[in-house]
Amino acid sequence: MNYLDEQFIKNITQKKLLEKTDELSKEFALFSEKHDKEGSFPFDNFERLKKEGYLKLTIPVEFGGAGASLYDFLLVQEKIAQGDAPTSLSLGWHLGLIMHLRETKKWEYTTFKNVCEDIIKRDKLINSAATEPNSGSPARGGKPETVATKVGGKWIINGKKIFTSLAPALDYFIVPATIEATGEIGDFLIPRSANGLSIEATWDTLGMRGTRSDDLLLHSVELPEEALVERKQKKERPSAQGWLLHVPACYIGIAIAARNEAVQFAKTYQPTSLTYPIKEVPEVRRKIAEMDIKLTTARTLMYSTAEKWDKVPDDRAKLAYDLAVTKTIVTNDAVEVVDLAMRVVGGQSLFNTNPLQRYYRDVRAGLHNPPSDDITYKILGDRAFRD
């Protein structure tokens, strides 16, 4: 590991966790190009993650998990993304949701405990399927067109969700639906084995192809009454969700990989016009320095925000704006770092055999993960003129 890896390690436990994750990340990097070209889900990567116990990283200690802090979680996400970004983002949704439920205690104790034990004992994967074709991201306040109807003590769910990351591998889907009788929005826990549940393979995108965020189709899916795990409450102001920092952690991990690729290229590439490698060219060194400044600035903000979240749980509600700012700054800096790396490498960065073109495509997806920049600017602008 280089100094970029060591910059934010605070103790020996984190160092060991990062060293272990680094080995996995290097394994995943060997197959990144293959999954990107095929648009295939990295099943093998997840088998390795399961074997090494990563699915239980954020599960509470009382249930047999590692009970990882947000800070530790981000270290893992950032490092895995350096090897394979879709694997990192996909794992992040699973681990992040577990962390969110652990901290908010929104579900019934027994329900959450049973899901956690299923993850530990049977390597189950869970994610939310919330986005819809017409309403878009739930972050924009759209009401789900997916409908839950109560019939004879059972719930009947009908609807369609898009952007369902990990779709080919998920065992549990958390699905928001409008409750027909009351107009409320409820979260329903749906097992993959439910009759009427199917996946439509629609994910054919420019970047993050390996997440296989396909469509979830729900046709008269019948569920028991306890499948309703949460009734949503309307919020007047943005809520603080620290777990969503796994998103910028993934994209800054891509940026680190791009920076490292550019540095390695500069060490070895020597055009005929020079008698030395381009690492000696002042402008190349300036661009590398600019990348390192952006990375250090963005990561310092991200990890300091995570540290605030971990250290003072009672103050978490105050961090909603900090979290939104962090996501916006880190993901935009990640895009800029990848662009600088490509400028160092030049035209060779455009070849399909060069990982930089994949980093370029993958990193841009971060701009569309929640909260998007315009939402961040709006809530900050509203706050400025509230008083």
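Taking the six-membered ring where the residue is Trp, F188 and W155 present perpendicular rings, their angle passing 60° and hence far from 30°. Ring-plane geometry between H246 and W93 is classed as perpendicular, the angle between the planes exceeding 60 degrees on a 0 to 90 degree scale with a lower cut at 30.
With respect to the salt-bridge test (charged N to carboxylate O, under 4.0 angstrom), the residues K161 and E132 qualify. Ionic pairing of E280 and R285 is present here: one or more N-O contacts between side-chain nitrogen and carboxylate oxygen are shorter than 4.0 angstrom. Contact check on R122 versus E117 returns no salt bridge, with no Lys/Arg side-chain nitrogen under 4.0 Å from an Asp/Glu carboxylate oxygen. A salt bridge is absent between D382 and R386; no separation between the charged side-chain nitrogens and carboxylate oxygens falls under 4.0 Å. Ion pairing between a basic and an acidic side chain is recognised when a charged N comes within 4.0 Å of a carboxylate O; E290 and K287 show no such pairing. With respect to the salt-bridge test (charged N to carboxylate O, under 4.0 angstrom), the residues K154 and E225 do not qualify. A salt bridge is defined here as a Lys NZ or Arg NE, NH1 or NH2 lying under 4.0 Å from an Asp or Glu carboxylate O, and R209 with D362 fails to meet this definition. Salt bridge annotation for D22-K26: present, with a cationic side-chain nitrogen under 4.0 angstrom from a carboxylate oxygen. The pair E283-R286 counts as a salt bridge, with a side-chain nitrogen and a carboxylate oxygen less than 4.0 angstrom apart. Residues D36 and R361 are paired through a salt bridge, judged by an N-O separation under 4.0 Å between the basic side chain and the carboxylate. With respect to E108 and K113, no salt bridge is recorded, no charged nitrogen being found less than 4.0 Å from a carboxylate O. The pair K232-E184 fails the salt-bridge criterion, with no side-chain N (NZ, NE, NH1 or NH2) lying under 4.0 Å from an Asp/Glu carboxylate O. Comment: E180 does not engage K150 in a salt bridge, judged by the lack of any side-chain N to carboxylate O separation of less than 4.0 angstrom. Between K308 and D315 no salt bridge is recorded (no basic side-chain N to carboxylate O distance below 4.0 Å).
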Could you pull out all donor-acceptor pairs under 3.5 Å where a side-chain atom in residues 254-264 meets a protein atom, sequence neighbours excluded?
unit_1	atom_1	unit_2	atom_2	d
R259	NE	D292	OD1	2.8
R259	NH2	Y3	OH	2.7
R259	NH2	D292	OD2	3.1
N260	ND2	I256	O	3.4

With a 3.5 Å cut-off and sequence neighbours excluded, list the donor-acceptor pairs that the side chains of residues 338-347 form with protein atoms.
unit_1	atom_1	unit_2	atom_2	d
D339	OD2	R343	NE	2.8
D339	OD2	R343	NH2	3.4

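For the residue pair E145/N134, the side-chain donor-acceptor check at 3.5 Å is satisfied. With no hydrogens or angles considered, a side-chain donor-acceptor pair links T21 and Y54 at under 3.5 Å. Between the side chains of S90 and T211, no donor-acceptor pair of N or O atoms lies under 3.5 Å. Between the side chains of D322 and T305, no donor-acceptor pair of N or O atoms lies under 3.5 Å. If you check the side chains of T296 and Q7, you find a donor sitting under 3.5 Å from an acceptor. A donor and an acceptor atom, one from each side chain of Q348 and N354, are nowhere located under 3.5 Å apart. If you check the side chains of Y251 and D333, you find no donor sitting under 3.5 Å from an acceptor.
Of the possible polar contacts, none joining the S25 side chain to the D84 backbone as a donor-acceptor pair under 3.5 Å is found. A donor-acceptor pair is defined here as one N or O able to donate and one able to accept, closer than 3.5 Å; no such pair exists between the side chain of N45 and the backbone of T87. Judged purely by atom type and a 3.5 angstrom limit, Q357 uses its side chain to pair as donor or acceptor with the backbone of N352. No donor-acceptor pair closer than 3.5 Å links the side chain of H219 to the backbone N or O of N158. Without hydrogens or angle criteria, D215 side chain to T202 main chain gives no donor-acceptor distance under 3.5 Å. Within the 3.5 Å criterion, the main-chain N or O of H368 finds no donor-acceptor partner in the side chain of S372. At distances below 3.5 Å, at least one donor-acceptor pair connects side-chain atoms of K20 with backbone N or O atoms of E52. Looking at T297, its side chain never comes within 3.5 Å of a backbone N or O of K294 through a donor-acceptor pair. Between the side chain of K327 and the main chain of P371, a donor-acceptor pair closer than 3.5 Å is present. Formation of a donor-acceptor pair under 3.5 Å by the E307 side chain with backbone atoms of Y303 is not found in this model.
The distance from the CD atom of E200 to the CD1 atom of I162 is 11.5 Å, given to the nearest 0.5 Å. Note that CE of M302 is 12.0 Å distant from CG of L323, once rounded to the nearest 0.5 Å. Remark: N114 CG to I119 CD1 distance equals 11.0 Å, nearest 0.5 Å. Taken to the nearest 0.5 Å, the CD atom of E230 stands 9.0 Å off from the CD1 atom of I174.
By the 6.0 Å contact criterion, CZ on F112 is enclosed, its count of non-hydrogen atoms from other residues, nucleotides or ligands being greater than 12. Within a 6.0 Å sphere centred on CZ of F43, heavy atoms belonging to other residues, nucleotides or ligands number more than 12. Applying the 6.0 Å contact sphere to CZ of F63 captures more than 12 heavy atoms from other residues, nucleotides or ligands. For N11, the CG atom counts as densely surrounded, since its 6.0 Å shell holds more than 12 non-hydrogen atoms of other residues, nucleotides or ligands.
At least one side-chain heavy atom of L189 sits less than 4.5 Å from a side-chain heavy atom of V115. Considering only heavy atoms from C-beta on, S32 comes within 4.5 Å of R358 through its side chain. Residues L274 and V281 are in side-chain contact: their nearest non-hydrogen atoms beyond the backbone lie under 4.5 Å apart. By the 4.5 Å heavy-atom criterion applied to side chains, L197 and L216 are counted as neighbours.
In this structure, F28 has its ring center at least 6.0 angstrom away from the ring center of F46. Residues F163 and W203 bring their aromatic ring centres within 6.0 Å.
Closest non-hydrogen pair, L55 versus L91, comes out as CD2-CD1, 3.8 Å.
Exactly one residue among I126, T164, N127, L166 makes a side-chain contact (heavy atoms from CB on, under 4.5 Å) with F173. That residue is T164.
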**Request:** May I have the step-by-step check of salt bridge (Lys or Arg N to Asp or Glu O under 4.0 Å) for E19 and K15, ending in yes or no?
**Result:** CA-CA 6 Å; E19 286 173 346; K15 182 176 175 61; 3.4 Å; yes
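Both cation-pi conditions hold for R383 and Y321: the charged atom is under 6.0 angstrom from the six-membered ring centre and inside a 45 degree cone around its axis.
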